[in-house]
There are 2 protein chains.
Amino acid sequence: MSLVETAIQMRVVYQGELLTIRKDSVSLPDASKATREYVVHPGACVVIPQIRPGLYVFERQFRYPLRQVFIEFPAGKLDKQESALVCAQRELKEETGYSAENWLHLGVMHNCIGYSNEKIEIFLASDLRPGNQALDSGEFLELFEMSLDEAEDAVRKGLLTDAKTITCLFWLRMIEGRHEAKIGSLADQIGR
Amino acid sequence: MSLVETAIQMRVVYQGELLTIRKDSVSLPDASKATREYVVHPGACVVIPQIRPGLYVFERQFRYPLRQVFIEFPAGKLDKQESALVCAQRELKEETGYSAENWLHLGVMHNCIGYSNEKIEIFLASDLRPGNQALDSGEFLELFEMSLDEAEDAVRKGLLTDAKTITCLFWLRMIEGRHEAKIGSLADQIGR
């Protein structure tokens, strides 16, 4: 079965200061027609700032749509013509003051596939050097450090609910997992 | 430092078929003013359908905003006056045909805190009984099963990038983690 939907007509129905909304007519797999409304997004990056393996820099930031302070990794939207890596380096510096010697691209996530075309590139930044923050006008946040175990505990307790940050934690566990696998095989050898 | 932003004026600037957009004037922590535009969302649920511990039901679904087929857990928006659990039971049945004997609420995630107030309730559904799908008009999807290790491998390879689904995988690893901890302590006892 083909799952693909094809655009028949596309138009911008709302152009705001931050958000652009498109409403397209589409042809469905069974040839019937439907409407698809969604946010047109420039793309974004999220940065995992590693103090040392197992210890990371997090932010506390008020997010107005939910009227709530969230625990997050630094993140931001791509400027026009900006590459994901340059965006990641800029956002890390602006929001935390840190610059990083080593940058590793871990992967990509899509955080809102139902009604946005946002794509977030995930970077691990290590060998950090402290410096001065340069927050955007209207941007306020607090920095703090947590271990991966502390972050997992915060998820378990419902204190860390941001999906992009939890997705980063999953990536960190995957990277760490290689070490844990060794312990597993050792236990296998001795018959558990 | 207070991080809180306070609403001065709120208004709906776009009311579409699917999306409602609000544009509020807010007062920032330093008493300056700014504009916040965001999607007003009714809330959603995501269901992890467990065939048996370690084996889960996934969907392949075309998501028009990104013109791409995604691997996801079943999910959907709350109907008016609908509780999250009833929504989860309805979506599981409609999208997969399964009904579940056991429902466990794992937690909450926020997938798009920058420009949406969407909140997703996470449920683990087990003791599944197969039945008939009842897809919404215009909804097309394929079902398949993967182990948690296969899903992790799909994330690593960039084949599974949906943040809500990866957040669910993180929750599954946390639940599983208790067993792995035992193996860890065993390895500790024998001096690794």
Side-chain angles (χ1 to χ4, degrees), chain A residues 1 3-5 13-14 16-19 21 23-24 26 28-30 32 34-39 60-66 69-70 107-117 119 138 140-142 152 155-156 158 161-164 166-167 169-170 173-174 180 183-184 186-187 190 192, chain B residues 1 3-5 13-14 16-19 21 23-24 26 28-29 32 34-39 60-66 69-70 107-119 138 140-142 152 155-156 158 161-164 166-167 169-170 173-174 180 183-184 186-187 190 192:
Chain A
M1 178 176 73
L3 297 168
V4 175
E5 302 172 0
V13 287
Y14 177 71
E17 286 177 54
L18 170 69
L19 295 180
I21 309 295
K23 183 175 184 170
D24 295 2
V26 303
L28 301 180
D30 65 356
S32 65
T35 299
R36 297 284 180 251
E37 267 177 337
Y38 58 102
V39 174
R60 276 194 199 87
Q61 191 172 7
F62 185 81
R63 294 297 199 156
Y64 180 81
L66 286 143
V69 174
F70 282 89
V108 165
M109 77 176 93
H110 298 92
N111 61 318
C112 191
I113 59 182
Y115 57 91
S116 170
N117 70 353
K119 170 181 154 183
F140 300 85
L141 52 86
E142 289 174 356
E152 180 174 312
V155 175
R156 197 188 299 272
T161 61
D162 175 47
K164 75 172 178 303
I166 298 173
T167 296
L169 297 178
F170 187 80
R173 282 284 185 227
M174 282 204 295
E180 284 164 17
I183 300 171
L186 184 57
I190 58 159
R192 304 204 175 179
Chain B
M1 180 175 72
L3 298 167
V4 175
E5 302 172 358
V13 288
Y14 177 72
E17 286 177 56
L18 171 70
L19 295 180
I21 310 295
K23 182 176 185 170
D24 295 1
V26 303
L28 302 180
S32 65
T35 299
R36 298 283 180 253
E37 266 176 341
Y38 58 103
V39 174
R60 276 193 199 87
Q61 191 171 7
F62 185 82
R63 293 297 197 157
Y64 180 82
L66 286 143
V69 174
F70 282 89
V108 165
M109 76 174 95
H110 297 92
N111 62 317
C112 192
I113 59 181
Y115 58 91
S116 171
N117 69 353
E118 181 171 2
K119 169 180 155 184
F140 301 85
L141 53 85
E142 288 174 358
E152 179 172 314
V155 175
R156 198 189 299 274
T161 62
D162 175 46
K164 76 171 176 303
I166 298 174
T167 296
L169 298 177
F170 187 80
R173 282 285 185 224
M174 282 203 296
E180 283 164 19
I183 299 171
L186 182 59
I190 57 157
R192 301 204 179 185

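Here the structure is a predicted model, which is why all the values come from computation and not from measurement. Chain naming here is simple, since letters A, B, ... match the order of the sequence lines and numbering starts at 1 in each.
- Across B/M109 and A/A163, no two heavy atoms sit closer than the pair SD-CB, 3.9 Å.
- When every heavy atom of A/L66 is checked against every heavy atom of B/I113, the shortest pair comes out as CD1-CG2, 3.8 Å.
- The contact between A/V4 and chain B is made by backbone and side chain atoms together, counting heavy-atom distances below 4.5 Å.
- Residue contact with chain B, scored on non-hydrogen atoms closer than 4.5 Å, involves the side chain of A/F70 exclusively.
- Side chains of B/T167 and A/F170 form no contact here, defined as non-hydrogen atoms less than 4.5 Å apart.
- Contact record, B/Y64 with A/R36: CD2-CB, 3.6 Å, taken as the closest heavy-atom pair.
- Inter-residue side-chain proximity for A/N111 and B/K164 is flagged as unmet; no heavy-atom pair is nearer than 4.5 Å.
- Taking 4.5 Å as the limit, every side-chain heavy atom of B/L3 sits out of range of all side-chain heavy atoms of A/Q61.
- Counting heavy-atom pairs under 4.5 Å between each of B/G107, B/G158, B/G16, B/A34 and chain A puts B/G16 at the top.
- Nearest heavy atom pair, residue B/C112 against residue A/C112, reads SG-SG, 3.9 Å.
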**Request:** Output, in order, the C-alpha distance, side-chain angles, deciding distance and verdict of salt bridge (charged side-chain N to carboxylate O under 4.0 Å, His left out) for A/E17 and B/K23.
**Result:** CA-CA 9 Å; A/E17 286 177 54; B/K23 182 176 185 170; 3.2 Å; yes
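- Proximity to chain B is limited to the side chain of A/V69, based on heavy atoms less than 4.5 angstrom apart.
- Between the side chains of B/E37 and A/Y14, at least one donor N or O lies within less than 3.5 Å of an accepting N or O.
- Residue contact with chain A, scored on non-hydrogen atoms closer than 4.5 Å, involves the side chain of B/V26 exclusively.
- Here the side chains of B/I166 and A/I166 are not in contact, with every heavy-atom distance at 4.5 Å or above.
- With a 4.5 Å cut-off on side-chain heavy atoms, B/T161 and A/H110 count as touching.
- Nearest approach of A/S116 to B/Y115, heavy atoms of both residues: OG-OH, 2.7 Å.
- Side-chain contact between A/M174 and B/E152: present, with at least one pair of heavy atoms (C-beta onward) separated by less than 4.5 Å.
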